[in-house]
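What follows is one structure encoded as structure tokens, with my remarks underneath.
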Protein chains: 2
Amino acid sequence: MPRFVNKCTRSGNVCSVSRPARRIPDATVARLPLYHRGLMELVRAKRSTVSSVALAELTGVNAAKVRKDLSYLGTYGTRGVGYDVENLLHQIGRELGLTQNWPVVIVGIGNLGRALATYGGFSARGFRIAALLDADVSKVGTQVGGLAIRPTAELEQIVHDEAVAIGIIATPGQAAQDVADQLVQAGVRSILNFSPAVLAVPDDVAVRRVDLAVELQILSFYQQHREEPGLGAADLLADDPLLTLATGA
Amino acid sequence: MPRFVNKCTRSGNVCSVSRPARRIPDATVARLPLYHRGLMELVRAKRSTVSSVALAELTGVNAAKVRKDLSYLGTYGTRGVGYDVENLLHQIGRELGLTQNWPVVIVGIGNLGRALATYGGFSARGFRIAALLDADVSKVGTQVGGLAIRPTAELEQIVHDEAVAIGIIATPGQAAQDVADQLVQAGVRSILNFSPAVLAVPDDVAVRRVDLAVELQILSFYQQHREEPGLGAADLLADDPLLTLATGA
DNA sequence: GTTTGTGAACCACTTCACAGCC
DNA sequence: GGCTGTGAAGTGGTTCACAAAC
């Protein structure tokens, strides 16, 4: 029995009720985006309800985990029926803060920065690219994905004017710490770091690191250990969400 | 007292001795690439030994964890002194299978695929891009990073000829499952998936998923929950490696 | 004195299994 | 009969703290 009852009976409509009592475990937080995406697919497919088993299949998470995860958000399911797709999508989106359409800046417009700038997925999933920045003056002014590249010197101004909360670092490793310092200085407290550098930041700044080579190396380990000692440690990876770009608690 | 003693006294030289007894925990495996990179930096800086505390600082992992992780590989440290940088680098590289210089293929040469193809980090860290593939015939033949794009139809042939073990999927979501099926069919058993799709594969195939939007959404959660309820759950993210491009266990 | 390697204690997450509700 | 929500049990990972080795 949850401390805050927030039952939602009228399906097809979205109810916003009281906040959950318990702290949401980090592991659950890391899976919420997965459920969010699965639910978006279900909405597109015009499904109105979904069971924990179905959502589990869709997301590659097991059903007990799905139920426990969702129970941290509140009591949004109906026994014998399942979860209302639209309402659950809304609740997860709210919990993740996606209603805010966070403005983000991308610093470092090399090949990766360019790919991120033109990646359609961000706008569709709660984020707006507020600016592209690069230290290379010869790049400044160039248009990428409808935005002109601006000099890194304008960072503080942009963060202030656009209320930027999240910074993406896509520079080479050597430049990354500098950029991080500037972001922190400007007031940004959430950083997604695609450089291989390990950043030093104050305690109240959250950093997630995504290292492409690291991901390959982890796969390499399991590949290697499948070939040699006989015992195939294969599906060990199957249900880790993270894997993901890299960081965490 | 480790079951297999493999002490290495001559520093400056690399000893390859018996394999470790215990199974290496997944969480440790995910951190080995971090140590590997840190050690490469130390080699470049001409440091010959390193303590667990120093390696911890360099990688953002805590020192007790570093020691426990390394102890799974064998007994490579010297009490009162630390670890021999070169030997430890070699041992971790061997454990990760980086001595093999795995050939990888990249399927889907859009902006992200292009960025991956030209990313210098792979070659430096144990991987060789064997081929770039795309289903779009108008792209076929184009040079990217010194390689010509080839049609997806040649996948099986390439995997066979080049002994490709790892496939990278950088296509849009709808195409991903198809590509995965083809990779599996061709014999690839390790897949790095950058599309937002959740792939269905046989049990003996390892998949890691890196979803850019998911990373941002996780940051968004903590940003959001820092702003509203007073209590700042800030540094929760600081020491998870993964976070990594996205997924994992 | 320094630093590793590791049992033991602790904590977080996962899985089970079932009561409660539709 | 079906499916959620959740205590309880189980598992795996982290941290502590110290004996052993240099």
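Here is how names work: the chains are called A, B, and so on, in the same order as the sequence lines, proteins then strands, and each is numbered from 1.
- Taking atom CG of residue B/L55 and atom P of nucleotide C/dT3, one finds them 14 Å apart after rounding to whole Å.
- The nearest whole Å value for the distance from the CG atom in B/N62 to the P atom in D/dT15 is 5 Å.
- Positionally, the nearest nucleotide of DNA chain C for A/P25 lies more toward the 5' end than for the other of A/A64 and A/P25.
- Note: CG (B/D26) to P (D/dT14) measures 11 Å, nearest angstrom.
- If you take CD1 of B/I24 and C1' of D/dG13, they are 15 Å apart, rounded to a whole angstrom.
- Ranking C/dT14, D/dT4, C/dG5 by closeness to the A/Y83 side chain, first place goes to D/dT4.
- Of the listed nucleotides (D/dC22, D/dG13, D/dT6), D/dC22 has the atom at the smallest distance from the side chain of B/T78.
- Atom CG in B/L70 sits about 9 Å away from atom P in C/dT4, given to the nearest Å.
- Counting only residues at least two apart or on different chains, the side chain to side chain donor-acceptor pair (under 3.5 Å) pairs with a member in residues 167-182 of chain A are A/Q177-A/D181.
- Annotation: salt bridge (charged side-chain N to carboxylate O under 4.0 Å, His left out) contacts involving residues 39-50 of chain A, sequence neighbours excluded, comprise A/R37-A/E41.
- Under the side chain to side chain contact (heavy atoms under 4.5 Å, CB included) criterion, A/S51 pairs with A/V53, A/A54, not counting sequence neighbours.
- The base of C/dT3 does not come close enough to the side chain of B/R79 for any donor and acceptor atom to sit less than 3.5 Å apart.
- Position along DNA chain D of the nearest nucleotide to A/V81 versus A/D69 favours A/V81 as the more 5'-ward residue.
- Here A/L39 contributes atom CG and A/Q91 contributes atom CD; the two are 11.5 Å apart, rounded to the nearest 0.5 Å.
- By the 30° and 60° cut-offs, the orientation of the rings of B/H225 relative to B/F221 is parallel.
- Set against D/dT14, C/dC18, D/dG7, the side chain of A/K68 has D/dG7 as its closest nucleotide.
- Residues from residues 42-53 of chain A placing a heavy atom under 4.0 Å of any atom in DNA chain C do not occur.
- The separation between B/K65 atom NZ and C/dC10 atom P is 19 Å, rounded to whole Å.
- Distance CZ (B/R67) to C1' (D/dA21): 14 Å, rounded to an integer number of Å.
- Rounded to an integer number of Å, the gap from A/R31 CZ to C/dT15 C1' is 12 Å.
- B/R189 pairs by the salt bridge (Lys or Arg N to Asp or Glu O under 4.0 Å) definition with B/D204, not counting sequence neighbours.
- Under the ring-ring contact (aromatic ring centres under 6.0 Å, His included) criterion, B/Y83 pairs with no residue at all, not counting sequence neighbours.
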